[in-house]
There are 2 protein chains.
Amino acid sequence: MAVTLKDVAQQAGVSIATASRAFQHPEMVGSDSLARIRAAAAELGYSPNRTARALITGRAGVYGVIVPDLENPFFPAVLKGAQARAHQLGAQLLITDAGESPDGELPLVRTLAPQVDGIMLCSSRMEEDSLREAATLTRLSLVNRVSPELPGVHADPEPGIPAAVQHLRRLGHRRLGYVGGPAVSRSDQARRSVISRICAAAELDWVEIGPFPPTADGGRAAAEALLQTDATAVLVYNDLMALALMERLRSYGVDVPGQISVVGWDDIPFAAMVTPGLATIRVPRYDMGARAIEMLHQGAHEEGGPVHLGLATQFVPRGSIARAEGAGLSGLSGLG
Amino acid sequence: MAVTLKDVAQQAGVSIATASRAFQHPEMVGSDSLARIRAAAAELGYSPNRTARALITGRAGVYGVIVPDLENPFFPAVLKGAQARAHQLGAQLLITDAGESPDGELPLVRTLAPQVDGIMLCSSRMEEDSLREAATLTRLSLVNRVSPELPGVHADPEPGIPAAVQHLRRLGHRRLGYVGGPAVSRSDQARRSVISRICAAAELDWVEIGPFPPTADGGRAAAEALLQTDATAVLVYNDLMALALMERLRSYGVDVPGQISVVGWDDIPFAAMVTPGLATIRVPRYDMGARAIEMLHQGAHEEGGPVHLGLATQFVPRGSIARAEGAGLSGLSGLG
DNA sequence: CAAATGTGTGCAATCGTTTACGCTGTACGG
DNA sequence: CCGTACAGCGTAAACGATTGCACACATTTG
């Protein structure tokens, strides 16, 4: 049915080995043979059988991707970036959803590992131990999770967070809130430490609200907690929470940005679609996906030691922030 | 490195052939050999090399999936369903993003076809001709696209649309609007014909608004057009448009649902997150993905003729609809 | 008791490709 | 004129599994 190397070799009057070399190591083949083989391949429409190649080389040309939840709006852009780069590199992506279960991730790695050249693990909640075990099964590249020894990419709070804080400061805000995500989250810790440093340098007060689960429910709960504070602006762990928080505030008659300014994190597509638009710190999701695949692919050739890459974030001002004059929730606490 | 069938056979004291048969055709193997082989496999932790199997059987245990845009909130749930079913069937999914380009789809099919057992094509915008060509390259299963001769699944406007229309009727609405998507879209045509029939039977007026592109921009444009009509309730081509339409109406000071009731289509996650919640017609996206994979898989064994499956939709009432009393946009037209 | 039947097993070919190894022929230095 | 070097090519052995075929042995049948 399909055109094989044998057909090409026959048509070109050479052996299969030579035909193979014409593609793998052209410099080892005489120029006239090379020309004939190429012509034959073109004429017959030859394309190599990846399965056969994978069997002998041990490389599949496929990378696995594990995401905790495909429906989380954070991931699609990551996948797009990953897929685009994989495509450029002649590889394909085997994408699986871990069903939000941290315990499901390691078994998935075990299943995937034998058939792929490496796995891109997104926002993994595996234990460090499991992660180490996974790393013995195949090459790994982490997205949104930092682990010593393992390569990967994450979003650097800088310069996004400092820019947001400075912006709020210029608008007259003096008391900031930070609505935190899961306390165990490394990225949450990293952001808190940047906020802390910046606020100290800029002589701003800041108060920590949370931790909350990084979900819409978490955002709604955070709204209640926020009412107990005197912050005039909040940075929120992610856009999903920020959007839910804004909704809940609105349902209490609190005006955003009139009474309180809100800044999210991620810049998911919906952040720009709501009214007022959600100001946020844009995470380069597409690039993160692309770079993670790149690292997987580079590692496949030159072992350059594991490097964890921090990609710059960017502050995106939108309608959810305003000047501090008249802002504040005084008199509202206890409403919830 | 890895445990092969050879190791298992050796340990069990049988030939490779017998070991292979123990897994493929256990009934052909003596019960004591079978037991020894199984024990050996368990002890050594054997798992078959899918690449080698694929080479000889011609079946890869992998299905390809092509989506026009991973960031479109319609698809993640479809992918989840597909992935879950594929997992059950022992298969994996090779997911690719066509980058919104209809012309990119056929080349993608060509690339994917040789390495997969079939392709699930989501919301394909290929020409009929290209579709036919694609079908010669590999087994196909269509999601959200109907083509004669080809198997696939789509969302049946019934009973979702009739239920929504009846619900609106009971709330006193007498003039409905339908904000259409791309005019060429088959599904748009199908929905219009159902609305037309139901409205005729229920003695309701309905007016067609559109067509518009199925995007947030399209929804905003539709809001302008809607202001020119006297409809008190609208059904919109999809949730993305409906949400954008609601936002735009609000920016004009139009109250939803006070002045106009809005019903979407899809039930994307955000429909439930906004305020007021977007009433919508739920498309069984998860099931669609699952069934599409199922059809691909079944077709691989028994050729039961191509069947196109219509999955039932469901009306989901939410805050964006209300009684018709006092509703209407009279006096507002010309505002845009 | 021979022949027919059936059951369990192993041998070997096969899938399409890559690559170690060895062979041939030409070029060139001594 | 011979030995060495090397470019170019083919033979054949992998990779790990599946499966047609044949063989051995046990069991039923005429």
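Just so it is clear, the structure is predicted and the values come from calculations on it, not from any experiment. All chains are named by letter (A, B, ...) in the order of the sequence lines, taking the proteins before the strands, and each is independently numbered beginning at 1.
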For the side chain of [X], counting heavy atoms from C-beta on, which of [options] is nearest?
{"X": "A:Y46", "options": "C:dT17, D:dG10, C:dA12", "result": "C:dT17"}
{"X": "A:V14", "options": "C:dT9, D:dG10, D:dT18", "result": "D:dG10"}
{"X": "A:I56", "options": "D:dT11, C:dG16, C:dC15", "result": "C:dG16"}
{"X": "B:Q24", "options": "C:dT17, C:dG10, D:dT18", "result": "D:dT18"}
{"X": "A:R21", "options": "D:dG20, D:dA14, C:dC21", "result": "C:dC21"}
{"X": "B:P48", "options": "D:dA17, C:dG16, D:dG20", "result": "D:dA17"}
{"X": "A:A52", "options": "C:dG16, D:dT18, D:dT19", "result": "C:dG16"}

Using whole Å, what does the distance between atom [atom2] of nucleotide [N] and atom [atom1] of [X] come to?
{"X": "A:R59", "N": "C:dT19", "atom1": "CZ", "atom2": "C1'", "value": "12 Å"}
{"X": "B:L55", "N": "C:dA13", "atom1": "CG", "atom2": "C1'", "value": "13 Å"}
{"X": "A:I37", "N": "D:dG8", "atom1": "CD1", "atom2": "P", "value": "12 Å"}
{"X": "B:Q10", "N": "C:dG10", "atom1": "CD", "atom2": "P", "value": "13 Å"}
{"X": "A:D7", "N": "C:dC15", "atom1": "CG", "atom2": "C1'", "value": "13 Å"}
{"X": "B:L5", "N": "D:dG16", "atom1": "CG", "atom2": "P", "value": "11 Å"}
{"X": "A:H25", "N": "D:dG10", "atom1": "NE2", "atom2": "P", "value": "16 Å"}
{"X": "A:M28", "N": "D:dC6", "atom1": "CE", "atom2": "P", "value": "14 Å"}

Quiz prompt | Exceeds 12 heavy-atom contacts within 6.0 angstrom, atom NE2 of B:H308 | solution = yes
Practice problem: Tell me, yes or no, whether the heavy-atom count around A:R110 atom CZ, taken from other residues, nucleotides or ligands under 6.0 Å, exceeds 12. | Solution: yes
Quiz item: Below 4.0 angstrom, N of the basic side chain to O of the carboxylate: do A:R145 and A:E128 qualify?
Solution: yes
Practice problem: Output yes when A:D69 and B:K80 qualify as a salt bridge under the 4.0 Å nitrogen-oxygen rule, no when they do not. | Solution: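 A salt bridge is present here (some side-chain N lies under 4.0 Å from a carboxylate O).
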Using OP1 and OP2 only, check whether a side-chain N or O of [X] sits under 4.0 Å from [N].
{"X": "A:S33", "N": "D:dC9", "result": "yes"}
{"X": "B:T18", "N": "C:dG10", "result": "yes"}
{"X": "A:S15", "N": "D:dG10", "result": "yes"}

Quiz item: On DNA chain C, nearest-nucleotide positions of B:L34 versus A:S47: which is more 5'?
Solution: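 Taking each residue's closest nucleotide, the earlier one in sequence belongs to B:L34.
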Quiz item: To the nearest 0.5 Å, how far apart are OG in B:S147 and CG in B:L131?
Solution: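 Going from the OG atom of B:S147 to the CG atom of B:L131 covers 4.5 Å.
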Practice problem: Just call it for A:S20: base, sugar-phosphate, or nothing, with non-hydrogen atoms closer than 4.0 Å on any strand. | Solution: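 A:S20: base contact, heavy atoms under 4.0 Å.
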Quiz item: Contact class for B:R50 vs. all strands (heavy atom < 4.0 Å): base, sugar-phosphate, or nothing?
Solution: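 If one applies the 4.0 Å heavy-atom cut-off, B:R50 turns out to touch nothing in the nucleic acid.
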Quiz item: Nearest heavy-atom pair of A:Q11 and A:A40: which atoms, and what distance?
Solution: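 Answer, listing the atom of A:Q11 first, then A:A40: CG-CB, 3.5 Å.
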Quiz item: Between A:D32 and B:R53, who's closer to the 5' end of DNA chain D by nearest nucleotide?
Solution: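 Nearest-nucleotide comparison on DNA chain D picks A:D32.
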